[in-house]
Amino acid sequence: MSNIFFWRKKREEEKAEANQSDAASNSQDLVATELPKRNSKAGIRSLFSRVKFDLESLEQLEEILIQADFGVDSAESIVLEVKKIAKTQGAQSEAELKTILAGVIRDKLATGNRELNLTSGKLPYVILVVGVNGVGKTTTIGKLATWLTQGNWKVVLGAADTFRAAAVDQLATWADRAGVKLVGPSSEGQDPASVAFEAVEYAVQYEADVVIIDTAGRLQNKTDLMDELSKIRRVIEKQAEIAEVLLVLDATTGQNGLVQARAFAEAISVTGIALTKLDGSAKGGIVVAIQNELAIPIKLVGVGEGVEDFAFFDPEEFANGLVA
Amino acid sequence: MFGNLSDRLAETFKALRGKGRLSAADIDGTLREIRKALLEADVALEVVKNFISAIRERALGDEVSASLNPAQQVVQIVNEELIQILGGEARKLRYGKVSPTVIMLAGLQGSGKTTLAGKLAKWLKSEGENPLLVAADLQRPNAVDQLKVLGQKVSVEVYSPEVGSGVGDPVKVAKDSIAHARSKGNTVVIVDTAGRLGVDQEMMNQAKKIRDAIKPDETLFVIDAMLGQDAVNVAKAFEDGVGISAVVLTKLDGDARGGAALSVASVTGKPIIFSSTGESLDAFEPFYPDRMASRILDMGDILTLIEQAQKQFDEQSALEMAEKLAKENFTLEDFLEQMQQLRKMGSLKSMLAMMPGAGQMRQQLDSIDEKEIDRTEAIIRSMTPVERTNPKVLNGSRRTRIARGSGMSVTDVNSLVNRFEQAAKMMKTVAKGGTPQIPGMPAGMGGVVPRKRPKDSKKKTGSKSGNPAKRAAQEQARANGSGSQESGAGSAFGIGN
């Protein structure tokens, strides 16, 4: 994330400063900011904590990968590649093989743009957060909001999960913690699309930099609920472009993760994945299959319940962590 | 693309179906497929390995080679082994010797504990208990509020002395709740706890302290059906950390293959006792290992369905319906009545998903428009009693009138009548004990055909398991007859459908 700048609106005091030093005033009233760094290293546990990894146990590699939720097909293809590379390189030692494995996994995850789309300068950036029940959507939003606020961004949260009991309260607590404005339903069970609309409307009026919309968890095989997402998208787009549709995926999820990603991608054109609960014993190997099949980049990882427990996904770090 | 484990196994067994004799190679090939299917269904690797070796051992034994229909025998073995892993006989909730019975819920974040607490409370009430909900998840923001809302919805008191969201001591809340329940005369206490990771030592210790403070009669480990390979580690961690007495499986209404159920049951040896199948607070039922195994094997969850139906169906009208079925004079009138009965039972889709062969119709099921029922109802309601009992009188001018009366087109009326005739034909076949042929199962038909299947299938399951030899003979006869008798939405391997 080093040299990427995110463009937000200038605050009044910044405008004043810019006027004083004429040289720096670019015609726009946007300012490039670097947002605080986050680190995910704590989150990843090695595949090989209990197993030795050498040429003999290469056969077992497939099983090890399966146990990390890579799935049978991905596991098979990774093993084949590792074997091929090991053969051409004449690799023998554990260290060499691990480097090769890490490289194969990294390459599978390194495609696509993993930056958050907060660079276009078209404000407010709308981030829509979707996923099945219980994956950590609301928590992820809380963390994102805090992070953006720390970068002096003006954030609005839209509580469009009007279904689950107390979901709005839960988001409100996060909004309080981050010190940002929350737009929620004015009556119980209000149509989520209308809440999303009002949140974006408010963000436009209030000249916010970002508006993050929380949605109700929905299982991807419920057609009517998936259709609701398209409706939410349509009403938002009446007022602002959607910068980012984040699919939140629980790292403990197995092969159904791919089915989830497929369904959500089809329903609402997902632009990135937030992989949560990576601080547990789960490895989230299904993301390899997701990236391979759907080319949806993993953008964020969640590594705890604390407000700062998230990071930008780094394939290199992830792969190295897995084989460490 | 396979919808789930049932579908995978169905595909696998198709190849075996009708084979008179299985070679070792046949069995190995099948086992490879089963292995892959189970892994793709998220059954943990170590569990799969044990499972496969148990099947192999039995499949190579005498019981298979001596059987009339070896393929069916393999299916039977897989079914039995699945049931065994899933916990054999259904186990009931264990009540304490002295009131109140204490139930503690534990599990990962987002597995559905709080929602489950609400459902459990509602169910206990219907069982005549007087439950108390205890808000001991003081971690997650507003988990306490969530439980309060749920308590209100099911009219159950919620003990929530702390506001939560990081404030308060869950051990104390849990402990005090027992005295509170005693003073209020509650018979069951349900303690909702914070979600925690298996590797989080501090939080596991806290769970242990809660357990020691309340000495639960049941410590229910809540997992969701989407859980992957990590199920094994998580289950072990909770078993070692708090000690669990039974498992609850949530989000079964999704399309996840649910292999975690097998993993957890196998690793902990603890029974799964409840399953949670939807966002409505009624979407909660006891877990029956044999039914789950049947479901995995795509034999449909007929018993569950019948039980749900029994709750709603007026018994008298059900009896009359059965008589009509036997006499084969099933009319549009009955059709409408059944549709209305079904309506009462809740979401049509979740009902249909329990039907045998539903795995193969999953795509169609997902695309069912529940409005279709409204439309069908409108059409039937626009018919005269004579037309409803005898659709044969429906000539062109009658159809035009019905279309106008129901706000539909004549084509819609025609297609309804066609579907009804097909269904009626199928039912006659079933009533005679034959296997229904369901051609193509068009999407619109999804709302029609299975409606009659609870009864047929009940009958058929009975007759079939009672006489496997006859079944095998039928199978054989069919195989010898026309080669293209495979029905589009038929069962996996000729059982239960």
Side-chain angles (χ1 to χ4, degrees), chain A residues 45 63-64 66-73 75 132-139 142 163-174 176-177 216-226 250-257 259-260 262-263 276-277 279-286 304-305, chain B residues 3 35-36 39-42 44-46 49 108-112 114-115 118 139-150 152-153 165 195 197-200 224-234 237 250-251 253-260 279 349 362 365-370:
Chain A
R45 276 153 215 273
E63 294 194 344
I64 291 170
I66 287 172
Q67 285 175 301
D69 290 320
F70 279 77
V72 177
D73 293 336
V132 302
N133 314 62
V135 286
K137 287 178 292 298
T138 309
T139 307
F163 184 83
R164 182 169 62 84
V168 175
D169 300 332
Q170 190 181 340
L171 192 67
T173 300
W174 282 107
D176 279 349
R177 285 179 185 175
R218 62 202 76 224
L219 295 175
Q220 70 277 5
N221 58 338
K222 312 226 157 159
T223 321
D224 40 350
L225 291 180
M226 296 306 277
D250 181 336
T252 61
T253 306
Q255 302 307 298
N256 194 244
V259 185
Q260 288 172 22
R262 267 188 212 127
T276 59
K277 307 186 197 173
D279 49 329
S281 43
K283 310 289 190 301
I286 189 63
E305 291 180 298
Chain B
R35 175 184 179 271
K36 195 174 179 203
L39 286 174
E40 286 182 357
D42 292 319
L45 183 72
E46 57 177 274
K49 281 181 167 176
L108 294 172
Q109 289 92 343
S111 55
T114 308
T115 305
Q139 196 80 16
R140 181 164 58 88
N142 302 84
V144 174
D145 296 326
Q146 188 184 349
L147 195 66
K148 279 186 189 164
V149 174
L150 290 170
Q152 205 170 23
K153 278 190 184 157
S165 304
L197 294 166
V199 293
D200 188 338
D224 81 42
M226 298 176 290
L227 193 55
Q229 294 282 327
D230 200 41
V232 174
N233 302 323
V234 177
T250 64
K251 303 181 201 171
D253 50 325
D255 56 10
R257 303 168 186 189
E279 300 204 50
K349 278 179 216 172
R362 192 154 288 118
L365 279 184
D366 287 344
S367 64
I368 290 181
D369 179 0
E370 300 222 0

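We name chains A, B, ... by the order of the sequence lines, and we start the count at 1 in each one.
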- Note on the structure: Residues at least two apart in sequence or cross-chain that pass side chain to side chain donor-acceptor pair (under 3.5 Å) with K153(B), listed by chain then number, are none
- Basic-acidic side-chain contact under 4.0 Å: D169(A), R164(A): no
- Message: Which atoms of V135(A) are under 4.5 Å from chain B, going by heavy atoms: the side chain, the backbone, both sets, or neither?
- Response: neither
- Applying side chain to side chain donor-acceptor pair (under 3.5 Å), name anything that partners D176(A), two or more places apart in sequence or on another chain. none
- Query: What part of L147(B) gets closer than 4.5 Å to chain A, counting heavy atoms only: side chain, backbone, both or neither?
  - Reply: neither
- Item | Pairs of heavy atoms under 4.5 Å with chain A: top-ranked of D42(B), V232(B), D224(B) | D42(B)
- Task: Answer yes or no: is there an ion pair linking E63(A) with K49(B), defined by an N-O contact shorter than 4.0 Å?
- Result: yes
- Task: Under 4.5 Å, counting heavy-atom pairs only, tell me which of Q139(B), K251(B), E46(B), K148(B) racks up the most with chain A.
- Result: K251(B)
